[in-house]
Amino acid sequence: MADYRELWKSLDMDLEKHDQLCAVLPELYGGVYLNQENRPEGMNYFNFVVSEVHGLRIQELAEHKQKGGKVIGTFCVFVPDEVIIAAEAVSVGLCAGSQFWVGDGEKVLPRNLCPLIKAFVGAKIGGTCPYFQSCDMVVGETTCDGKKKAWEILNEYVPVHVMDLPQMKRNKDYNMWMEEIKLFIKEVEKLTGNKVTVESLKKGIDVCNSKRRALKRLYDLRKVTPSPISGLDSLLISQIAFYDEPERFVQKVNELCDELEERIKTQKPKGKKRIMITGTPMALPNWKLHHIIESLPAEVVVEETCTGTRYFENEVSKEGETIEDLIKNLADRYLNINCACFTPNENRIQDILNYVKEYNVDGVIHSNLSFCHTYAVEYKKVEDALKKAGIPVINIETDYSTEDAGQIKTRVEAFLEMI
Ligand code: BJ8
């Protein structure tokens, strides 16, 4: 990686602490990713993106800002990126998946809280995430209680706009969500000085839909037995989707898919168990569960998570001639995401059952970040439905530490034997 210290300094980062972070990532990445055998050539681009994770993309953001552009950080797949793109701002996903940030988060948050929340707050207050440091505004949302209250603390460090996400999906909730999108548009227009027009919003819709289509194409290829790409590599691509330049990302994913289509023609059976992961999101660099599963005779073939299908399923329609029409289209697509923060949330159960068939799944692992109550409570519904369908399922609750890795491996091993 080139020398980016001046750039990081200009972002007011804690360089010493950041050095410590930079020192652990290559080893972690090497151990988890580069040891995989027979990886597609197309993964070289994504290796490069990781090697430059705090470099080249940050440089691009800085150049955008030098030209007067704005950078907006998000934490949830309900925030419509289309609006951000329409206002010529850049969107970056800020969910954090490393234990490195948890300690700083615990300085201002209770310890018995979801690690994802502690990590993103810690990343900001420790000044060790250049994406966070590049943001002119971040967008929170009222999903779980932990996040909802964390915005108040985060707002002391960076301007936060909170979108009030309904918790049910009745007509009045759709109307409320449309109002929230309108408020969000106003806020983004105020920040950027750019008007969101029908034309620019349609362009934003195009960009986001093309990203969804590329990811869907990748996931469709995973339906083949054996999958032509590991779950680890697919997870990495989903994680990178949240911050890479969208058009380049789409091109690289499509190039990779071309290669995978060729692979499928010649590959031989591997006899691995096909596993679905469902549950809480896995933010970069949380590769723990995939790594454990794929170190055993199993492959992860689909993730029903926000770093999986919930991020890309369903496109936004471009039909309509007014901003109001397009806002309705956005609300329709986004309120179709089935997060456990909704009640009831039967459609998530249906999604899981559908994916079991579509991806030819042998067993399901419910992955729950510690202290995430919505997903933990919803597990009962998931378990009941899968048992009824005759599909083995286990629940694994874990955080970002590595202490329980051995214990999880033993449980997954036993689960695979039982399938
Ligand atoms: S749409 S899953 S990205 S809220 S932070 S809810 S893990 S306790 S991230 Fe999420 Fe949006 Fe839902 Fe998806 Fe639980 Fe942690 Fe809360 Fe979390």
Taking 4.0 angstrom as the limit, do Glu358 and Lys223 come out as a salt bridge? yes

Donor + acceptor pair across side chains of Thr143, Glu141 (<3.5 Å): yes

Distance only, no hydrogens: is a donor on one side chain within 3.5 Å (strictly under) of an acceptor on the other, for Gln350 and Tyr355? no

In terms of side-chain geometry, is the basic nitrogen of Glu315 or Arg333 positioned less than 4.0 Å from the acidic oxygen of its partner? no

Residue pair Glu378 / Asn345, side-chain donor-acceptor N/O under 3.5 Å: yes

Is the terminal nitrogen or CZ of Lys216 (NZ for Lys, CZ for Arg) located under 6.0 angstrom from the six-membered ring centre of Phe312 and within 45° of that ring's axis? no

Hey, can you tell me if Phe75 and Phe132 have their rings parallel, tilted or perpendicular (30° and 60° cut-offs)? tilted

Atom NZ of Lys65: over 12 foreign heavy atoms under 6.0 Å: yes

Can the ring centres of Phe249 and Tyr45 be said to be less than 6.0 Å apart? no

With Lys124 as the cation and Tyr157 as the aromatic partner, state whether NZ or CZ is under 6.0 Å from the six-membered ring centre and within 45° of the axis. no

Consider only side-chain N and O atoms of Asn368 and Thr280, and report whether a donor and an acceptor are under 3.5 Å apart. no

Parallel, tilted or perpendicular: ring planes of Phe78 versus Phe342, cut at 30 and 60 degrees: tilted

Looking only at atom types and distance, does a side-chain atom of Asp362 sit under 3.5 Å from a main-chain N or O of Lys273, one as donor and one as acceptor? no

Examine Trp287 together with Tyr400 and report whether their ring centres are nearer than 6.0 Å. no

Less than 3.5 Å apart, any donor N or O on the side chain of Tyr174 or Asp332 sitting next to an acceptor on the other? no

Kindly say whether Lys70 contributes a backbone atom to a donor-acceptor pair with the side chain of His64 at under 3.5 angstrom? yes

